[in-house]
Every structure is written in C-alpha cells, then in structure tokens.
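Heads up, the thing below is written out as structure tokens.
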Protein chains: 2
Amino acid sequence: MNDKPRITLSEVALAADVSPITVSRALRNPDKVSAEARARIDRAIRELGYVPNPAARALASGRTDVIGVVIPSVSNNVFADVMRGIYEGLEGSSLGVQLGTTRYSPMTEEQLIRVFLSQRPAGLIVAGHDQSPAARALLSAAACPVVQIMEVGPPPIDLAVGLSHYHGARAGVEHLLAQGYRAPAFLGAQMDPRSQRRLAGFRDGLAAAGQADDPVVTTPEPSSVSLGCRLFADLLARRPQTDAVLCNNDDLAIGVLFEAQRRNIRVGAELGICGFNDHEMMSAAEPALTSVATDRLSMGRQAVRMVRDRLTGGGAPRGHALDLGFRLMPRASTARGRV
Amino acid sequence: MNDKPRITLSEVALAADVSPITVSRALRNPDKVSAEARARIDRAIRELGYVPNPAARALASGRTDVIGVVIPSVSNNVFADVMRGIYEGLEGSSLGVQLGTTRYSPMTEEQLIRVFLSQRPAGLIVAGHDQSPAARALLSAAACPVVQIMEVGPPPIDLAVGLSHYHGARAGVEHLLAQGYRAPAFLGAQMDPRSQRRLAGFRDGLAAAGQADDPVVTTPEPSSVSLGCRLFADLLARRPQTDAVLCNNDDLAIGVLFEAQRRNIRVGAELGICGFNDHEMMSAAEPALTSVATDRLSMGRQAVRMVRDRLTGGGAPRGHALDLGFRLMPRASTARGRV
DNA sequence: CTGAAAGCGCTTACAG
DNA sequence: CTGAAAGCGCTTACAG
C-alpha cells in the first residue's frame, strides 16, 4: 500500500500563484475571489488532483460536513426507506452521512449521540422522542440543528418531522369497525415507542366503540413475516372469535395473510387485515391488503431539508414539528361485504 | 445553541498531572502507561467529560477511525442485511461507518470512492467488482484495506467476500429442471452486474439441458413485489407454455406467487417458482417458496472482520477471496409431483 | 479582492 | 515509563 504524498492547499496556491488563503476562499466563497484568480486556482486543482482534507478543515473551522444519523436498525425496511430519503435530500450538497444504529437500546443511543456530537456535526437526525434524559440534555445543548424523525406529538427538542402513530392506528381500527368487523385484535412485534403509541391508538379506538376486552398479542422480537404467521396462530388459539387484525406493520400483515390462506380462512369476508406503513407489496398481494400509508421517503428528505435550511441561515424555528400525516388505504382485505 | 468550550487533551493532562503525550498514550496504548498515571488520567477524563476530537486525531495521525462503505442503495433489503452485518462486525471496536450510495451509477461510485479515500479511511468496503477503470486504479493504490463484497469470481483488487451468483442461479434452474419442469423462464429486475451473472447462470443451465429458446423477461427498473406481478403477466402473454420461473430475487418471486394466485394457477403443480437470496418471508409464504439462500449478514460481518484483521497487523493477503457459497432451499413452490 | 500570522487538538518520532 | 518539540492542513479574524 503506497502512501503517495497528498497534494495540499499550499501546493495548489503555489501552482496558481496566489496565497493559500485565497485558495481556501475560492473553495468556500468562489464569488469573493476575482475571476482570474479563480480560473488559475481551478486549473491547478484539476491538474494536481487536489482533494481537501476534511480533518484539517474540521479542526480549523470547528465544524464538519457530516450529518449524524441515529436510527434503531438498518435492516428494518421502514428505516431503509427513511435512509433513502435522507440520501435523496443530500443530493447536490457536499454533506456526508455518519450512520449509527442503536438496536433499540437507549443506552447505545445515548452513547452514539455523545460520540456524534463530539465531532461537531453539521446536523443530527435521530429517530423518535424517547431518548434518555442524558441524551436529551446533550441534544438540547447541541450546537447544530437536531431533527427528531418518525413521529410528531411530543414537543421536539429542536425540530421534528413525522406523523402521529397513535392516530394512524386509531384510523386503522376505526376502519375495521366501520367495515363491520366485530372483534378486531392487535398484533405487534418489536414494540418500540412508536409501536406502543399505535397500540394505544388501537385500544382507544376499540374502547370508544364500546368494546370491552383487550385482544392484543405482542412480542419484543423483531418483526418479520413468519412472526406474523406465529402471532396470528397464537391469537386464534387464544381468541377464536377474532374476525379482524390490525397489525403493527406490514410484515406481520403479510404473515397473517399467509397463515389465513394456510387455514382456508377467507381474507376480507371472514377476516379483516390491516397493516401499517403501506409497503409496496401490500397493494400487490392477493387479496390486496389494507394499510395505513406513511411517507418514509419524504420523512428522510424533509429531515435533511430542515438541517440544510438551518445551515444556510434560515430554517424553521426551534420547536417546529412537521406533521406528514398518514393515509388509510382500504383494499380487499378489509372488504367484508364483498365476496 | 451554546458553544460550550470543549475539554481538550491538555486540560486532562493538567488535571491528571501528566503531560499531554501521556494522556494520548493512555488513550491508545493503556499498557504503556503506569497504572498510577492511568488511574489519574481515567479519573480526569471521567470528571471533565473529555471526548477526543477525531478531526485533530485524524489530522495528526493521517488516519481515520472510519470504514467507508459504498453500496448501490440502502432501500434494497439485500444491502440492508449486509449493513446490519457490517454494524454487527463493528461491535466492540471504536470504528465508525461512513456510508455512501451509488444508485447503481459507476460515475457516482467513482466519485464516492475518491472522496472517501481522500479522508484516509481505516478501510473501504465496496459492492461488487464492476468499478470504473479510474475507480479501480484508486482502489489499487489505496493505503487502506479494500474489501469487495457481494461476489466472488473476478480477481479481487485487494480482498473479497461473497458468492458466485452465476452458480447460484445455475443451481436454481437445474433444480427446476430436475423437478420435471419443461419450460422454465427467467424474471429479472434492476439487472445490476450480479443480476447479469445470475442470468448467465440461468442461460447456461438451460443450454446444458438442451433447451433452445431463451425465455427471459427483464427490466432495469428496481425490483419490487408489484413488478414481479407485472413481469410474470408479461411473460405469460409472451410465452404461455412457461411452467416455471427463476426469479432474480425474492421480491419478484413473491409477486409471481400473488399473480399466480390471482389467476388460479396452482403453484408447485402447474408453476414452479424459485427466488434468490431466501429472504425470511420465503419459508413463511403459502405455499412456501423455494429460493437460493445467501448469507448477507455474514457477508457484512466478514468484510469488517477482514478490515479489522488487517488493522491489527495480520489479516488475509492481498488477492484473498472468501467464498460464502449459497444453498438451494427446495420448498413446496417447486414440488411438481406433489399436490 | 488579497494575504501574513496564529491556532485548531491531537500524534509522531526522538530522547531520556 | 515519561515528556519537549514540531507539525498535520486547513480556517479565522484582522489588515490593507
């Protein structure tokens, strides 16, 4: 591995016959440098293949061109979508991403926030509102914009973008009841704070409709299609009269669909299924599955936009929360009348 | 946003009554510092809440504690799994991840590699073997370990871990033929280099069995379940005698399953379906779907391990490629005899 | 529009 | 086992 000596800003300056400061300026505020100087500098940069050293820049300026992103997991397709939105939002900027995953542990999250903040990032994007008190204190005192994503409702530490999971789930259960299902149940995995809020929405929706029992099957295990099969089997064993399920997310809903098919239960007519997030596969399924649609992509995009707006001087004031809402997508899986 | 002045190494040194160098050493090689000094330093660090400045460290040492990861996309669940493996492999180290996505563009990939390399990362993990010539040149000259993931076969630039997509797909089509299907077809989306290799494996497998026609439907669009439905519909319109499909990946296979159900085609008996990767949902589906299993998680883990081993002095020699293999998982969707 | 000086917070050899 | 000196490659005020 050869360590070819890097080209530095001073060498560019020498080649362009200006001072290093002027090169630095040409890189950051090109319009504050004369056109002639700029031309010579650009040429020198190109010919020498100069690439700025971000560590030196960060040390000298006390800032970094990196947005820290702290999420529970990358292999959860909800966060995968959010990440894609973040990358899309970053396009055209020189900002990079430093990604950390908490595996749903507030301790790990706090540790990551501490480390990320110590690098003086350009901004921080963190999932949810349930940080540890110490983490919240760090974020409140942060010298950069902080965006809490996924959820709105609790007052943001700085900025927030997301939706109300409580109301999304409540809309789901209300839809099931409106379709004429009498004994809806809730299936949940992972049970992170957003899932808890969805469960609360489900319970309140049921209670408002005068339903007394509490038909809920949850597990802390990470969500999956096969888990959906298992949870549904458990549910039927414990509460055979169940005629509809609101699933914590779409994976579980697909699992319920498969398990119902295995048992020759007619989905729609005999069993209503509603998912959450409206993953692309929901509308492709047979029968098509009802879900509560969320816009993970724009969640990521908007989070980056909020950081970028702050960086360019403007941006929303501290305390601003952007509610992206949700949309119930009724499909054949909750069409009780039909068939 | 208050900019509270950071604690520096010198302040820790002052508090611990040693020189800054000793603090630095205690941080990097604790066993080269006396136990007493170490105790005082640890205490000072804790009490002052000192966090090292990575930019200063990077500038002074010419190195960074970050592994650059360059992949096509984060919202593809194959890469999501790989990323999780990478994070698992990182546990217990102080290394971070800088993630870049190429959106399947070799130009963007080259640009990312250039930028990442300019930051002198601890290592670089890049997807595939199809970098631009300029990118290959950069990687060959890199001062850090470079691991090409996803695939083995082409000689690695430095290190590689993956599997042969050609042989995986070939095993898939051979299985379909062995099960007695007469007219298998190939369905492909995205068609990145790995997909192309799978297609080649399919074609060679067919040809070896004496099949003359070339039943292939592909699209450059990103893969999805609904795309699987559409491609299968196209395929049936163009080649009604098709009695089995080898899908480029599991999303498409699930789409084929749903579309077959919609058309009352009996999966298994009338139509064989084989996916690729063996996503968790394949075994949960009804009927369970055959797939070629790949181990994305250990791909990520092993890639990190290779970097870490190099960093600690040892590690595999340049040119080493680790073949993780694949495993055909025969299930009901290709059980032609049954039903 | 341009530049000389100082400094960001560490680590690297080199001594002892 | 410990430390004094120099320097990594930039940017920040401050002048002019």
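Only heavy atoms go into these numbers, but all of them, side chains included; no hydrogens, no water, no symmetry mates. Letters A, B, ... are given to chains in the order of the sequence lines, protein chains preceding strands, and every chain is numbered from 1.
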Review point. Does OP1 or OP2 of dT12(C) have a side-chain N or O of R63(B) closer than 4.0 Å?
Key: yes
Residues [X], [Y]: salt bridge by 4.0 Å N-O rule:
X	Y	answer
D309(A)	R305(A)	yes
R40(A)	E36(A)	no
R103(A)	E91(B)	yes
D31(A)	R38(A)	no

Exercise for review: Check the side chains of D295(B) and S298(B) for a donor-acceptor pair under 3.5 angstrom, ignoring hydrogens and angles.
Suggested key: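 On atom types as modelled, these side chains qualify, holding a pair under 3.5 Å.
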Study note, to complete from the structure: Ranking V18(B) and S61(B) by the position along DNA chain D of their nearest nucleotide, the one closer to 5' is V18(B)
Could you give the [atom1]-to-[atom2] distance, from [X] to [N], as a whole number of Å?
X	N	atom1	atom2	answer
L9(B)	dG7(C)	CG	P	19 Å
L14(B)	dG3(D)	CG	P	12 Å
L59(A)	dC10(C)	CG	P	9 Å
I41(B)	dC1(D)	CD1	C1'	11 Å
Q119(A)	dG9(C)	CD	P	15 Å
N53(A)	dC8(C)	CG	C1'	13 Å
D65(A)	dC10(D)	CG	C1'	13 Å
D17(B)	dT2(D)	CG	P	11 Å

Practice item. Consider the side chain of S19(A), meaning its heavy atoms from C-beta on, and name the nucleotide among dC10(D), dG3(D), dG3(C) that approaches it most closely. Key: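 Among dC10(D), dG3(D), dG3(C), the one nearest the side chain of S19(A) is dG3(C).
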**Study point:** Identity of whatever pairs with dA13(D) - Watson-Crick or G-U, under 3.5 angstrom
**Key:** none
Exercise for review: May I ask which nucleotide in the shown strands pairs with dA4(D), Watson-Crick or G-U wobble, both distances under 3.5 Å?
Suggested key: none
Exercise for review: Would you classify I21(A) as touching base, sugar-phosphate or nothing, given that sugar-phosphate means primed atoms plus P, OP1 and OP2, and contacts are heavy atoms under 4.0 Å?
Suggested key: base
**Study point:** Within 6.0 Å of CZ in R136(A), more than 12 heavy atoms from elsewhere
**Key:** yes
Practice item. Within residues 22-38 of chain A, find the residues that approach DNA chain D with a heavy atom at under 4.0 Å, and present them sorted by residue number. Key: S24(A), R28(A)
Practice item. Would you sort out whether R28(B) and S24(B) count as a side-chain hydrogen bond (donor to acceptor under 3.5 Å, both in side chains), showing the intermediate values? Key: CA-CA 6 Å; R28(B) 287 170 298 116; S24(B) 170; 2.7 Å; yes
